[in-house]
Structure formats: C-alpha cells, structure tokens
Amino acid sequence: MSDLAQQRVSAILKAVRGIKRGTFASYGEVARRAGLPGRARLVGTVLRDSGDMKSLPWHRVTGAGGRIAFPVGSRPAREQIRRLEREGLKARGNRVVQKPSAASPRTLDALLWKL
DNA sequence: CGGGTGACAACGT
DNA sequence: AACGTTGCCACCC
C-alpha cells in the first residue's frame, strides 16, 4: 500500500476512534473529520477491511441521518443497534433516533413563539 | 483502458 | 417514502 493511502486509512481510523461514546457520526461526517470530504465510500471500505471490530467503535458510524448501513435485520445490523443502545441511544427500525434534545421544527416553533 | 462493485451522500422526481 | 442519477474513489477482473 502506498504511503498516501496508508495515511488516509490512519486519518479515518483516528476520526472513528474520536467519536464519543453515546454519539454517532455518518460516513460522510467521518470522512470530513478525517480531512477527506466527499469520500464517504472510502470510510466504509476502510472499516470493512480494518478487521478491528474489537478495538474500534465501528458501531458509532452510521449512514446519513443515522441510518444503519447494513441490511435490515442482518447480524451486523442487530449487533450495531445493540451496541448503540448499550450506550444509551435508541433505534427505530433501521435508524438511530436523535437524542431527545434535538429540536424538531415543531419544538423550535414552540420555543420561538413561547408557547 | 473499460466495466463492475461497494458498511456512501445529495438531489430530483 | 421509494427509487433513479450522479458524484466519489479504491480495487478487481
């Protein structure tokens, strides 16, 4: 593997390790944090090939908007959701639900209009 | 060189 | 909400 490629892999793994417990980040977000905007696919490739399912918080990486990237009901999908729930997050179907603190438009309206 | 394939994303219909 | 397109990029045939 070329040095450049290895550097990118390191940057991505570092970004993944940097996702705090109880939170999650999309592939695209991880790519941006690794200094590789637009390369979400590369993040998936790296995770797939990394093999370190043991030491990496791979379960904190989701598709855009918290969508689980694995097929619904598949082994890895269930495992990922199980791990995320163990960290206090909740999932509905194949999607990680935002924390209650996240303001929905309705809630924002309520705040702005003091209702 | 050309075509297909991904743990993806954004946008349009 | 569900697809189809396009952009992206590393790899493999």
Side-chain angles (χ1 to χ4, degrees):
Chain A
M1 206 175 214
S2 73
D3 285 7
L4 180 57
Q6 187 52 57
Q7 267 180 20
R8 293 191 287 211
V9 169
S10 301
I12 288 171
L13 293 180
K14 180 170 144 193
V16 171
R17 281 190 293 260
I19 305 173
K20 292 190 294 246
R21 194 177 182 295
T23 70
F24 61 90
S26 70
Y27 293 87
E29 179 58 29
V30 169
R32 277 189 292 280
R33 293 181 189 177
L36 300 166
R39 300 197 212 187
R41 303 197 75 140
L42 184 56
V43 174
T45 301
V46 169
L47 285 179
R48 183 195 63 198
D49 298 343
S50 73
D52 307 321
M53 304 284 283
K54 294 285 180 273
S55 56
L56 274 179
W58 59 271
H59 57 287
R60 297 182 192 147
V61 184
T62 73
R67 202 190 63 263
I68 297 298
F70 300 105
V72 188
S74 66
R75 235 285 285 212
R78 290 193 319 256
E79 171 68 4
Q80 180 168 19
I81 290 174
R82 187 180 67 74
R83 288 183 179 221
L84 288 172
E85 292 186 329
R86 202 164 54 182
E87 296 189 356
L89 285 114
K90 298 186 175 151
R92 264 197 339 242
N94 225 38
R95 167 158 309 197
V96 180
V97 177
Q98 302 278 336
K99 288 189 150 183
S101 59
S104 68
R106 179 71 186 76
T107 307
L108 184 54
D109 273 351
L111 289 175
L112 290 174
W113 291 96
K114 306 188 183 217
L115 293 179

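Every chain is numbered from 1 and lettered A, B, ... according to where its sequence line falls, protein lines coming before strand lines.
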Problem set entry | Approximate separation, where rounding is to 0.5 Å, of A/H59 NE2 and A/I19 CD1 | 9.0 Å

Problem set entry | Where A/N94 and A/F70 come nearest, the two heavy atoms and their spacing | ND2-O, 3.2 Å

Seminar exercise, completed: Residues in residues 62-72 of chain A with a heavy atom under 4.0 Å of DNA chain B, by number, are A/G63, A/A64, A/R67, A/A69, A/F70

Problem set entry | Over all atoms of both residues, closest heavy-atom pair of A/R60 and A/K20 | CD-O, 3.7 Å

Problem set entry | Atom-to-atom span, CZ of A/R95 to P of B/dA7 - whole angstrom | 19 Å

Exercise. Are OP1 or OP2 of B/dA9 and a side-chain N or O of A/S26 less than 4.0 angstrom apart?
Worked result: yes

For this session: Please tell me if the side chains of A/Q80 and A/T62 come closer than 4.5 Å, counting only heavy atoms from C-beta onward.
Result: yes

Exercise. Expressed in whole Å, how much space separates the P atoms belonging to B/dA7 and C/dG7?
Worked result: 22 Å

Exercise. Is the shortest side-chain N to carboxylate O distance from A/R83 to A/E87 below 4.0 Å?
Worked result: no

For this session: Map every base of DNA chain B to its dot-bracket character, where paired means a Watson-Crick or G-U wobble contact with both distances under 3.5 Å and | marks a partner outside the strand.
Result: .|||||.||||||

For this session: Could you check how far CG of A/N94 sits from P of C/dA2, rounded to whole Å?
Result: 11 Å

Problem set entry | For DNA chain B, the residues among residues 29-41 of chain A that have a non-hydrogen atom under 4.0 Å from it | A/A40, A/R41

